[in-house]
Protein chains: 2
Amino acid sequence: MPAPTPASGESKSRRRAGRPMAAILDHAGITLAALELINKKGYDGLTMAALARTLGVAPSALYNHVASKDDVLRLVEEDLMSKVDFGGFRTLPWEDAVRQWAYSYRGIFARHTPLISVIAVLPVTDAPQTLSMYEAVTEGFLRAGFPEEQIIPCIVALEAYVFGAAFDANAPADIFDSGRLAESTPHFTSAVRSLGGESKSNYPSDLAFSMGLDALIAGFGALRH
Amino acid sequence: MPAPTPASGESKSRRRAGRPMAAILDHAGITLAALELINKKGYDGLTMAALARTLGVAPSALYNHVASKDDVLRLVEEDLMSKVDFGGFRTLPWEDAVRQWAYSYRGIFARHTPLISVIAVLPVTDAPQTLSMYEAVTEGFLRAGFPEEQIIPCIVALEAYVFGAAFDANAPADIFDSGRLAESTPHFTSAVRSLGGESKSNYPSDLAFSMGLDALIAGFGALRH
DNA sequence: GATATAAATGAATGCCATTCATTTATTGGT
DNA sequence: ACCAATAAATGAATGGCATTCATTTATATC
């Protein structure tokens, strides 16, 4: 029937030698289109049909390059991991490096919380970007004087905290509004009110993140020999 | 002809014998059936159709009692919250109460991670069980000598950690297997190996949780006046 | 006993991921 | 320059899903 319509993707190398067709579709292009779609329509808007349309292709064509939608999510996750800033572990004191890493990590995944359920269960085996982050962080901990057996648990705990905080980060401002049940929860209601929550962006989410991170850094820092 | 909303707390609508059929639909029954279904088939098995079948009813009948599937998830969440053990805040030293609360909280939600995305964005306004937990925890913090403005951030941080750790808790044992990329991540690979991971139940997840919780408790405990 | 109303039904609707037989385009071998 | 092999794209299914709606059934009230 009709030839594959030359899609308006971000194609640059269409005619190549050695490959079947040097097609419009490859992992990089799919990842980019998925990210674009997520940024524009959110994760609800990320459907295989929408992704295919973005790429100017039939939905079924995607399955020549990815095994499933989860596969697409894994591609996106790897891409995001490569954007997490762990550079401080080479240049900054350990405490500052951890702080910078955690803030960057949370900032990125706060807008990608649907990925967290995927990541948490995902073996790291075929995720080079993720692995290289772990390698850099591990090196930073070693350099800071941590005993080897303590490093992974510390990283796991910090990551858990970062992921949990990422969820909080896009909670609505009135999440702690006790409404008409306020009378039955006087202490809690008063504690919420004492925050004067209108001021900054994501009170109390941001303050909470900072406080918890400080506690973790202080507690873990004491493990160095 | 129209049967608008399920109506909130009408008290006398169903105490007589001889209902439409064998169906007993109300929030409590729906919640129970949903939990049963989740325990048996997991969250993938929790569909409106399956839920209806469990209750011996047509799927559309559910919508006389709940507005959506998300509504069902909210019911389940409230039920789980009522099972979190925060009793220590009345009887134990603050540190022990926090530890008991956090372990109980994590243990329950580790098997209900799909709910976490729902909870995090959910206003607490119409969630009495959740509110009563917050009230008890807030009281415990006050009694322990925390300044009122610090309490909510502390709770938020602890909750974030608990939720993140709940995800970790059902990660596969080989999640940190670096596979054939091991050579490019020597420090990380060695750190993972140094754990000797076969021994306990969920190494390093459990150890990590314990370590991070200790750090948070120590850090926050210093805020008391 | 009539009637209003709450609740259950079954048949749509539309969206979704995924599969598959078929077609098209490109390549490497000769 | 042809031919066979192959990678990739297509459109039409498939089955599952949440949700809606007009209709029917059963209950409760007056």
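Only this structure's heavy atoms are used, side chains among them; waters, hydrogens and symmetry mates stay out. The chains referred to below are lettered A, B, ... by the order of the sequence lines, with proteins before strands, and numbering in each begins at 1.
We find that CG of A:L55 is positioned 15 Å from C1' of D:dT10, with the value rounded to whole Å. Whole-Å rounding puts the A:L25 CG to D:dT10 C1' distance at 12 Å. A straight line from CD1 of B:I30 to C1' of C:dA8 spans 13 Å, rounded to a whole angstrom. At whole-Å resolution of the value, CG in B:L73 and C1' in D:dA18 are 12 Å apart. For the pair A:H27 NE2 and D:dA8 C1', the interatomic distance rounds to 13 Å; values are reported in whole Å. At whole-Å resolution of the value, CG in A:L62 and C1' in C:dC16 are 14 Å apart. Look at CG on A:L51: it is 18 Å from P on C:dC15, rounded to the nearest Å.
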Please report the C-alpha distance between B:D177 and B:R193 in whole Å, then the side-chain angles of each, then the deciding distance to 0.1 Å, and finally whether the salt bridge (Lys or Arg N to Asp or Glu O under 4.0 Å) criterion is met. CA-CA 9 Å; B:D177 182 7; B:R193 218 168 266 142; over 6 Å; no

Before you tell me yes or no, could you show the steps for B:H187 and A:Y134 under side chain to side chain donor-acceptor pair (under 3.5 Å), namely the whole-Å CA-CA distance, both residues' side-chain angles and the distance that decides it to 0.1 Å? CA-CA 9 Å; B:H187 300 98; A:Y134 285 142; over 6 Å; no

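The aromatic rings of B:Y105 and B:W101 are tilted relative to each other, their planes meeting at an angle between 30° and 60°. Aromatic ring orientation, B:Y161 versus A:Y161: tilted (interplanar angle from 30° to 60°).
The CE atom of B:M133 lies 9.0 Å from the CZ atom of A:F188; values are rounded to the nearest 0.5 Å.
Residue side chain B:N64 does not reach the base of C:dA6 through any donor-acceptor N/O pair under 3.5 Å, judged by distance alone.
For residues 53-72 of chain B, the pairs satisfying salt bridge (Lys or Arg N to Asp or Glu O under 4.0 Å) are B:D71-B:R74, with sequence neighbours left out.
Contact check, A:H65 against D:dA7: no side-chain N or O comes under 4.0 Å of OP1 or OP2.
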Nucleotide by nucleotide, nucleotides 17-22 of chain C touches protein heavy atoms under 4.0 Å in the pattern (B base, S sugar-phosphate only, - none) SBBB--

